[in-house]
Structure formats: structure tokens, C-alpha cells
Amino acid sequence: MGSPLGVVMVQLIQREIETLREACAGRVVTSHDSDFHVMRTVWNGAVDRHPAVIVRCSGPEDVSAAVRFAHEEGLELSVRGGGHSFSGAAVTSGGLMLDLSALRLVEVDPEGRRAVCGGGATWADVDGATQAYGLATPGGTISHTGIGGLTLGGGFGWLTRGHGLTADNLEAAEVVLSTGERVRASQEDHPDLYWAIRGGGGNFGVVTSFTYRLHPVGPAVQVAMLFWEAERGCEAVGLIHDVVANLPDDFGALIGFGMSAPPAPFVPEQHRFRPGHALILAGFGAPERHEAVLSRLRAALEPLFEFVSPMPYTQLQSMLDESAPWGILAYEKALDLPTITPEAADTLCDQAALKGSPMSFMPSFHLGGAFSEVSDDATAFGGSRQPHYTISIAAITPDPGALSAERDWARAAWEAMQPYGMGSGTYVNFIADPDEDRVRASYGPRKYERLSAIKRTYDPGNLFHLNANIRP
Ligand code: FAD
């Protein structure tokens with residue numbers, strides 16, 4: 001048995017665990033339980049930590065009890081929403097892992113266009129429930145991602161050009177503070193906390209429920225994926241930039257720079273795994289508007305292959321799930337670019353060519369439209385509201401022997417792209433190893449100081465520190 005478990009069991013004696021069990025209606029799990037090793041895993045298979053105890057909360061009361069217990073016993077606390085962060089911050093070594101995965105009830109008010117969602121829900125839960133009424137709120141692009149971490153860091157996806165960040169659509173949240181006290185955060189209640197949790201991450205408390213504004217979406221949306229091989233990379237990147245930076249707001253786009261062609265039925269066999277660049281477009285308006293953009297792309301540079309089809313919005317939301325399966329080994333660096341100049345495109349293509357794993361690529365979003373209509377100070381979102389690209393450099397492999405080289409590739413590509421970037425800060429949810437300098441750079445000095453003051457009010461002891469941490 002590894003050392004973390006040994007230390008843990010000495011520290012946390014049976015009597016204390018029993019006290020915790022009595023205080024919680026949900027399960028309290030230790031290494032003695034047969035499913036401990038399943039419950040401690042997170043999406044990133046490269047993360048292998050042993051908490052002393054896992055509390056699978058059955059409601060906000062359990063969350064309060066577990067937070068108090070961690071505080072009183074001096075245990076490090078980690079909060080697991082969907083367990084989907086690259087950093088693996090949802091699982092502590094030797095502390096208490098607060099598991100929200102049972103809190104996934106979604107209640108939809110179709111007339112009021114609101115949804116109240118459990119703090120451990122995934123986007124599949126939320127989209128499934130809201131689409132039953134033809135409604136949705138902007139969410140992530142992989143359906144098994146948790147709404148918790150994604151919303152608290154900002155959150156963007158297909159609907160962001162039209163309706164802003166996920167956090168821009170957050171109307172209220174129920175929050176358990178570091179004292180175990182339960183409060184509501186909204187424009188009227190604890191407005192400072194409400195501001196901070198819309199971008200400031202999990203620094204201020206545990207959110208047991210999120211209330212989102214909903215918008216009519218779909219149910220059918222127009223979807224296209226166009227792929228150009230690496231040999232025509234620079235031309236393709238230039239074209240993608242021209243189109244994406246000027247897209248109308250009823251489109252969503254995800255760019256797969258450096259992506260390998262998937263082994264999907266629509267990809268001719270001879271092109272499968274071929275490296276190149278992909279543009280995936282989701283059109284929420286009339287099919288003719290979607291077709292007009294595709295025609296322009298084809299006329300400018302005929303893709304190597306394409307996939308075009310209407311599909312239900314929920315299918316779009318899970319279409320990329322296989323590119324990021326649970327348990328895969330992963331690492332990520334990210335940077336923001338104001339635009340893609342020809343020099344940046346050259347560097348991007350050169351760096352993409354150096355990846356080793358076919359699964360590694362640079363998933364990128366051009367943020368603009370409704371996203372840019374919200375003022376910088378309206379929320380704590382760590383990044384500019386000016387239209388820009390957020391480029392994630394995602395090292396992904398199933399092979400433990402290849403991870404280190406893929407990590408080095410992501411780091412080197414990030415360094416090479418720096419001259420074209422907007423500084424070392426970026427979207428906090430895309431930082432696999434958030435150090436203080438990068439977190440400060442992401443928020444900028446003024447926002448960081450404001451967040452830090454709010455942290456002093458709500459979590460002066462920094463109990464919630466396994467995240468892109470704001471120092472109190
Ligand atoms: P977890 O690992 O469970 O949590 C991460 C951190 O969030 C925790 O440490 C905790 O501090 C905090 N947290 C989580 N839930 C709560 C809660 N209820 N209360 C308080 N704190 C909480 N982001 C996008 O914006 N758009 C995307 O399209 C997108 N795609 C992604 C695809 C992949 C494959 C991956 C790995 C990530 C993607 N992300 C995307 C990033 C994503 O936003 C973050 O990884 C986010 O942290 C995931 O949330 P989670 O709840 O699943 O994570």
C-alpha cells in the first residue's frame with residue numbers, strides 16, 4: 001500500500017469517520033470500501049491521488065457537514081463537480097474529497113425560462129432536461145463535463161456567440177461557505193459573492209445549485225465539420241480565421257488546430273488519422289445561412305473531406321465526447337490571441353506538426369458576439385471581453401509511456417506561440433497547473449485584488465484552495 005494511504009489512516013481514526021457518517025445522509029467512503037478506487041478517479045487518468053475520505057453528498061446539508069468536518073479536522077478539502085478538470089483538482093491527496101456527483105437534479109421552469117440544476121450535474125443532465133422544452137443555456141462541448149467547475153470559471157461553448165458565457169447566464173446560486181453556512185448569491189443576495197463566482201472559480205464556497213437563464217435553441221441545429229490536411233495548413237488556418245472572426249452570432253465554432261482526422265464513418269479510410277486542421281460549425285439559424293458560410297469556405301479552399309448534417313442540439317453537445325474519454329491521460333496549456341496573423345498561423349502549423357499522439361490537438365474558440373457585449377467588470381471572468389481566440393494546447397494520449405513527451409510538446413508549443421499571445425494569463429479552466437503568477441495574470445491586478453478582498457470575507461482561511469487559487 002502506498003504511503004498516502006498509510007499516513008491517512010493514522011491521521012483519521014475510525015471514531016472520527018463514524019462521527020462524519022452520523023452527520024451525513026450520503027455515503028462516507030474510505031479505502032476500506034470496495035468502490036473507493038472507482039470513486040477517487042477523475043476524468044484525467046494521469047491523476048492518481050488517495051483522499052483519506054470521500055463524502056458523496058446527498059444534499060446541501062451533507063455539504064455543510066463535510067465542509068465543517070474538513071475545517072475542524074484540519075483536512076485538505078477538494079470539491080468534485082464533474083471531475084473533469086485537466087488539473088485533477090477535484091481529488092485531494094490525504095484530505096476530504098467532497099463528491100457532488102449525486103446532486104444532479106435539473107428542474108426546468110419553461111414559462112420563466114429558468115433551470116435550477118444540482119451542483120454536481122453534467123451538461124448531459126442539463127441539456128437533456130432543458131431541451132425537452134426546446135431551451136438551453138450555453139454549456140461546454142463535452143457532455144460529461146461538470147456544470148460546476150465550468151460555470152464557476154466562466155464557461156463557453158457553441159452558444160456563447162449568441163448568449164454569452166455560462167456564467168453570464170447564471171442568475172443565482174446556493175453556496176455553502178467555509179463555515180458550513182448556506183447562503184444564496186444573486187444580484188440581490190450577497191452581490192459580491194455573486195460577482196465573484198461568475199469567473200472566480202471554486203474559491204468562495206461549494207455551489208449546491210445553479211439557476212440559469214434559458215434560451216430557445218433547436219431542437220435541430222445545422223452542423224458541419226470541414227477538414228484540411230496539414231500540407232495546406234497555413235492556407236486553411238488563414239481561411240478559418242477569416243470566416244470565424246466574422247461569424248454572425250447565431251453560429252458557434254470550434255477549431256481543431258492540429259487535429260488528426262478521426263476514424264469516423266464519414267472520413268475516407270485513406271485519410272483517417274491524417275494530421276490537419278478542422279473547423280466545426282454549428283448554425284442555430286436558417287439552414288440556408290449555414291449553407292452560405294459552407295459554400296464560401298468550399299469556394300476558397302476545397303476541404304479534404306467534410307461532414308454536414310442537421311442534428312438534435314443534444315447530439316451536437318455529445319458529438320465530441322469520444323475525443324476526450326473518461327480516464328484518458330491529459331495535460332493542457334492555453335493562451336489567448338487577439339487575432340491570427342500569418343506569422344502566428346505559420347508557428348501554429350509548425351507546432352501542431354510536432355505532436356506525437358493522434359489525440360493531441362489545439363481545440364480553440366473565437367470568443368465574440370454576445371460574449372463581448374458584457375463589460376469586463378460585470379463578472380469576475382478572467383480574460384478579456386474583446387473578441388479574441390482562446391487556444392488550448394491539449395496533450396492527450398492513452399499511452400502512459402507517451403505522456404511525458406506530449407506534455408513537453410504542449411509546453412514547447414505554448415512557448416513558441418507566446419509572441420502572438422495576450423500575455424501569460426488565459427481562461428483559468430484551461431490551466432492544468434495553475435501557479436499564482438498565471439492566475440494573477442489571467443484576472444489582471446484590479447480584478448485579482450477585488451477577488452482577493454471577497455475571498456477574505458468568505459474564505460479567509462483558504463479552505464477552498466485546490467483550484468486556480470485566489471489568495472485571501
Ligand atoms: P471538477 O474537476 O469536478 O472541478 C474543478 C474545480 O471546480 C474543483 O477543483 C472545484 O474548485 C470547482 N468546482 C466544481 N464544481 C463545484 C461546485 N459545485 N462548487 C464549487 N466548486 C466547484 N470549458 C469550457 O468552458 N468549455 C468547453 O467546451 C470545455 N471543454 C472541455 C473539454 C475537456 C475534455 C476538458 C477536460 C475540459 C473542458 N473544459 C471546457 C474545461 C472545464 O470548464 C473545466 O475542466 C471545469 O473545471 C470542469 O468542471 P467539473 O465540475 O467537471 O470539474
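What you see below is based on every heavy atom in this structure, not just the backbone, and it leaves out hydrogens, waters and symmetry mates. When a ligand or atom number is given, it counts from 1 through the structure's own listing order. Residues: numbered from 1 along the sequence shown.
- Here atom 23 (N) of ligand 1 lies nearest to Leu150 when heavy atoms of Leu150, Val91, Thr122 are compared.
- Only side-chain heavy atoms of Phe365 come within less than 4.0 Å of ligand 1; its backbone N, CA, C and O stay farther off.
- Applying the side chain to side chain contact (heavy atoms under 4.5 Å, CB included) rule to Asp35 yields the partners Arg27, Val29, Asp33, Met39; only residues at least two apart in sequence or on another chain are considered.
- Here Glu72 does not pair with Arg68 in a salt bridge; the nearest charged N to carboxylate O distance is not below 4.0 Å.
- A salt bridge is absent between Asp109 and Arg114; no separation between the charged side-chain nitrogens and carboxylate oxygens falls under 4.0 Å.
- For atom 18 (N) of ligand 1, the closest heavy atom belonging to the protein is Val207 O, 2.9 Å.
- Contacts of Ile142 with ligand 1, taken as heavy-atom pairs under 4.0 Å, involve the side chain alone.
- Distances below 4.0 Å separate heavy atoms of Tyr427 from the following atoms of ligand 1: 23 (N), 24 (C), 25 (O), 43 (O).
- The shortest heavy-atom distance from Gly155 to ligand 1 is under 4.0 Å.
- When the heavy atoms of Gly205, Ser78, Gly119 are ranked by distance to atom 20 (C) of ligand 1, first place goes to Gly205.
- The closest heavy-atom contact to atom 48 (C) of ligand 1, among the options Thr145, Leu320, Asn467, Ile147, comes from Thr145.
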Candidate pair Lys355 and Ser260, rule side chain to side chain donor-acceptor pair (under 3.5 Å), full reasoning = CA-CA 10 Å; Lys355 71 171 188 169; Ser260 301; 2.8 Å; yes
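- Contacts of Ala324 with ligand 1, taken as heavy-atom pairs under 4.0 Å, involve the side chain alone.
- Atoms of ligand 1 found under 4.0 Å from any heavy atom of Gly202, numbered from 1 in the order shown, are 11 (O), 21 (N).
- In summary, Glu415 and Lys333 do not engage in a salt bridge, as defined by a charged side-chain N under 4.0 Å from a carboxylate O.
- Set against the non-hydrogen atoms of Ala89, the atoms of ligand 1 under 4.0 Å away are 9 (O).
- The pair Arg113-Glu171 does not count as a salt bridge, with every side-chain nitrogen at least 4.0 angstrom from each carboxylate oxygen.
- Ion pairing between Arg182 and Glu174 fails under the 4.0 Å rule for side-chain N and carboxylate O.
- Annotation: Gly146 places an N or O atom under 3.5 Å from an N or O atom of ligand 1; distance criterion only.
- At the top of the distance list for atom 7 (O) of ligand 1, counting protein heavy atoms only, stands Gly149 CA, 3.4 Å.
- Closest to atom 10 (C) of ligand 1 among all protein heavy atoms lies Val79 O, 3.6 Å.
- In this structure, the protein non-hydrogen atom closest to atom 22 (C) of ligand 1 is Leu152 CD1, 3.5 Å.
- Considering backbone and side-chain N/O of Gly81, one or more are found under 3.5 Å from N/O of ligand 1.
- The part of Leu100 lying near ligand 1 is the side chain, judged by heavy-atom distances below 4.0 Å.
- Protein heavy atom at the shortest distance from atom 53 (O) of ligand 1 is His84 N, 3.3 Å.
- A perpendicular orientation is assigned to the rings of Phe257 and His277, their planes being inclined by more than 60° (bins at 30° and 60°).
- In this structure, Asp336 contributes its side chain and Thr426 its backbone to no donor-acceptor pair below 3.5 Å.
- Taking the ring centre of Tyr194 as origin, the terminal cationic atom of Arg198 falls inside the region bounded by 6.0 Å and 45° from the ring axis.
- Interatomic distance, Phe86 CZ to Tyr331 OH, rounded to the nearest 0.5 Å: 11.0 Å.
- The single protein non-hydrogen atom nearest to atom 1 (P) of ligand 1 is Gly83 N, 3.4 Å, given as residue, atom name and distance.
- Taking any N or O of Arg80, backbone or side chain, none lies under 3.5 Å from an N or O belonging to ligand 1.
- Rounding to the nearest 0.5 angstrom, the gap separating the CZ atom in Arg213 from the OG1 atom in Thr166 is 11.5 Å.
- Not counting sequence neighbours, the partners of His290 by the ring-ring contact (aromatic ring centres under 6.0 Å, His included) test are Phe251.
- Protein heavy atom closest to atom 38 (C) of ligand 1, with residue, atom name and distance, is Phe430 CE2, 4.3 Å.
- Each of Asp377, Thr379, Leu367 was scored for a side chain to side chain contact (heavy atoms under 4.5 Å, CB included) with Arg385, with one residue passing: Thr379.
- Ligand-side atoms of ligand 1 in range of Leu466: 9 (O), 11 (O), range being under 4.0 angstrom from any heavy atom.
- In this comparison of Trp43, Phe204, Trp326, Phe156, the heavy atom closest to atom 27 (C) of ligand 1 sits on Phe156.
- A pairwise comparison of heavy atoms in Thr145 and His84 identifies CA-CD2, 3.5 Å as the closest pair.
- Short contacts between ligand 1 and Phe86, defined as distances under 4.0 Å to a heavy atom of the residue, involve ligand atoms 35 (C), 36 (C), 37 (C).
- What sits closest to atom 30 (N) of ligand 1 on the protein, heavy atoms only, is Thr141 OG1, 3.8 Å.
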